[in-house]
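These numbers come from a predicted model, not from an experiment.
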Amino acid sequence: MSFAIDLDAERREVQHPNGIPVLLRGRQFLFPPEVPVDALDPLFSPELDLMGVLGDIVTVEGTTTTGEIIELLFRRPSLPMRFVGAVKEIYRVLLGPEAFEEFTAARPSIGDYVRLTKGLVTLYGVDLGKLFGPAGSSASAGPTSNPTSPGSTDSTPEASGSGLDDLASSVSAG
């Protein structure tokens, strides 16, 4: 029997079927071979309100500057601590409570969290930038369109829409 969707087929995320071994300060930690469905829940919690922050950034008129983003963060002074808490909760879900306690006892630095997160994102194939990116922003399989008249095509700026992709990529990069 053939299946339209075979969830038992080998997936690109399953490069390490027994788990993803990580070495930190001489200790080995084993992350699950795939991301459990609830692992990213802390990023979408109402307390963190990451979607609200992204919505505010998207609705800023014109080009979003670093200053505007910092201003948005100042309006949410607890956001950085809540974000760090969400990241730690994700690691607690991935490792389990006991292994997470051992992990935090190794005193990982911010750099350790960033490098580990980037590595896990690559191995798991989870890209938050693609989750937050605009629908239909991928390359089209159809033919390239050409202007129908010799008039100006300046109605849409050349970089239109690229700002959200850039923002989403930076969110996924940590």
Of all the heavy-atom pairs spanning [X] and [Y], show the shortest one and how long it is.
X    : Y   : answer
V93  : A39 : CG1-CA, 3.7 Å
I90  : L40 : CD1-CD2, 4.3 Å
P17  : P33 : O-CG, 3.6 Å
P108 : R25 : CA-NH2, 4.1 Å
A106 : R27 : N-NH1, 3.4 Å
P32  : P36 : CG-CD, 4.2 Å

In Å, rounded to the nearest 0.5 Å, how long is the span from [atom1] of [X] to [atom2] of [Y]?
X    : Y    : atom1 : atom2 : result
L24  : E102 : CG    : CD    : 11.5 Å
L48  : D41  : CG    : CG    : 12.0 Å
L30  : L94  : CG    : CG    : 11.0 Å
E101 : L95  : CD    : CG    : 10.5 Å

Exercise. When you look at Y124 and I20, which way does the side chain to side chain contact (heavy atoms under 4.5 Å, CB included) test go after all the steps?
Worked result: CA-CA 10 Å; Y124 285 139; I20 300 170; 3.5 Å; yes
Problem set entry | Criterion side-chain contact (heavy atoms from CB on, under 4.5 Å) against T117, the qualifying member of V114, V121, L120 |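 By the side-chain contact (heavy atoms from CB on, under 4.5 Å) criterion, T117 pairs with just one of V114, V121, L120: V121.
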Exercise. Salt bridge check: are D56 and R75 linked by an N-O gap of less than 4.0 Å?
Worked result: no
Let me check something: do [X] and [Y] share a hydrophobic cluster, defined by ILVMFWY side-chain heavy atoms less than 4.5 Å apart, either directly or through other members?
X    : Y    : answer
V84  : L43  : no
F100 : V22  : yes
V35  : L116 : yes
F83  : M51  : yes

Exercise. Between Y91 and F103, how do the two ring planes meet: parallel, tilted or perpendicular, split at 30° and 60°?
Worked result: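 Answer is parallel, since the angle falls under 30°.
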Problem set entry | Pair D112-R115, side chain to side chain contact (heavy atoms under 4.5 Å, CB included): steps then yes or no | CA-CA 5 Å; D112 292 332; R115 285 187 300 278; 2.7 Å; yes
Exercise. Quick check: are there more than 12 heavy atoms from other residues, nucleotides or ligands sitting under 6.0 Å from CG of L23?
Worked result: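 Check passes, neighbour count above 12.
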